Amino acid sequence: MNDFTFQTTPRAICETGGLSRLGELMTGLGVGRAIVICDAGIAACGFGHRAVASLKAAGIGAAVFDQVQADPPVHVVRSAVEAARAFEADGVIGLGGGSSLDTAKLVALLVRSDQKIEELYGTDLARGRRLPLIQVPTTAGTGSEVTWVSVVTSDANEKKAIYSPQLLPDVALLDAELTLGMPPRVTAATALDAMVHAIEAYTSRTRKNVVSDALAMKGLQLLGANIRRVVADGSDIEARSAMLQGSMLAGMAFVNASVAAVHALSYPLGARFHVPHGHSNALVMSPVFRFNMPVAEKAYAELAACLLPDRRFASDAEAAEAFVAELEQLVASVGLETRLSQMGVTGADIPDMAKEVTVGIQRLLANNPRNMNFDEVVSIYQAVL
Ligand SMILES: NC(=O)c1ccc[n+]([C@@H]2O[C@H](COP(=O)([O-])OP(=O)(O)OC[C@H]3O[C@@H](n4cnc5c(N)ncnc54)[C@H](O)[C@@H]3O)[C@@H](O)[C@H]2O)c1
Ligand SMILES: CCCCCCO
């Protein structure tokens, strides 16, 4: 058994209606002036107002920055940091999907720092201590509320990951009520993102461990048992709660064990073609998993027990094939486009995307259970063009 270190969020609260406790929780962190970080969609849902009401009821000054954008461009993150400084915030709340949560982490880290975002690209490059931070996810989901990574889109229009233990929050507050209004496309895309987190963590070549395996398996079991329910009926609070918890477990798993080729190939789709992150993963997951099959058959067979608990298989090969086939059927059934060309990608775009993947995103590719070279990345993109 390999030696390992496992890190996770100090406190996760799963409570339907828990947003109403925001003021109480921020008071417990000694905060007097809190800024809520969200996007326009979340503000339009009224969640920003509800967060402010809870903070003010606890005697905490509150402001809202509602200009977050998907795949957060660094210039928007800088604007959010400036807004927090202007408000003299001493606490930060991320409220929304991964784009808002990733922005909030960096705001908490940079408000009282002289570092520039570009100095943080990579691992453990942040200096100083962040402000108190509470993360409230509204998608299920990226799991960003329990990870120490933020993913931004650089000024050179490339996705960059920033890793620091400082990006873990003081509290992750999971309130399933906030996920009820997610549109079916967002529900499906974010759910598939979470499932890929669990699967890629479980098959990670370099950093999987007994804890990440347990979290990945339970996360995948919850996500697989409830994705069709929440896509079909977004008002199903029980299924929504299970998805949010499954997404959190998958987040804890992948940030310790890492993700791999599905994420590496999805990044250019988000940065260049603005394909939503979960949908980017869904577009490439099947050909990547089939590419991995020769070395990941046993792992996929083990995961088949989580995804297809009522099925029995005569061999690992049969179970692994059923696992990948189930994921393919799932992706085809949740209402998302399944071809890159439907998202504006052309064959001419593939070589440059493949170069970005094999040169710039080697960190994730190196965790793939099977080595993947430039030509193989090209072939995978072409398989779903
Ligand atoms: N840091 C991490 O650990 C991590 C992990 C995975 C992905 N990510 C990043 O997260 C981002 C994607 O996040 P996402 O997929 O959650 O989407 P998102 O945050 O970009 O939000 C997508 C859309 O859904 C809307 N929305 C979100 N919740 C809603 C709700 N409850 N009701 C109605 N509308 C709602 C938003 O307003 C937005 O328009 C990407 O930038 C990706 O790189 C980060
Ligand atoms: C290791 C985590 C890198 C970010 C994954 C979600 O995009």
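Numbers for residues simply follow the sequence, beginning at 1. Each ligand, and each atom within it, is numbered from 1 in the order the structure gives. Because the structure is predicted, anything quoted here is derived from the model rather than measured.
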Would you call [X] a ligand 1 contact, heavy-atom distance under 4.0 Å?
| X | answer |
| --- | --- |
| G181 | yes |
| G270 | no |
| C38 | no |

(message) Heavy atoms only, cut-off 4.0 Å: how does P183 contact ligand 1, side chain, backbone, both, or neither?
(response) side chain

(request) Check each heavy atom of Y267 against ligand 1 and say whether those closer than 4.0 Å belong to the side chain, the backbone, both or neither. (result)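 Under 4.0 Å from ligand 1, Y267 contributes no heavy atoms.
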
(message) Residue-level breakdown please: for Y267 versus ligand 2, do any non-hydrogen atoms fall below 4.0 Å on the side chain, on the backbone, on both, or on neither?
(response)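 For Y267, only side-chain atoms sit under 4.0 Å from ligand 2.
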
(request) Using distance alone, determine whether T190 and ligand 1 share an N or O pair under 3.5 Å. (result)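 No.
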
(message) What I'd like to find out is whether the side chain of R272 reaches to under 4.5 Å of the side chain of D349, using heavy atoms alone.
(response) no

(request) Return yes when H277 approaches ligand 2 closer than 4.0 angstrom through a heavy atom, no otherwise. (result)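 Contact present.
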
(message) Counting non-hydrogen protein atoms only, what is the nearest one to atom 2 (C) of ligand 2? Give residue, atom name and distance.
(response) F254 CE1, 3.3 Å

(request) Give the residue and atom name of whichever protein heavy atom lies nearest to atom 1 (C) of ligand 2, and the separation in Å to one decimal. (result)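 Residue, atom and distance for the closest contact: Y163 OH, 3.4 Å.
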
For [atom], tell me which residue out of [options] has the closest non-hydrogen atom.
| atom | options | result |
| --- | --- | --- |
| atom 6 (C) of ligand 1 | V255, T142, V196 | T142 |
| atom 21 (O) of ligand 1 | D193, D39, N281 | D39 |
| atom 29 (C) of ligand 1 | I162, L178, I42, V186 | I42 |

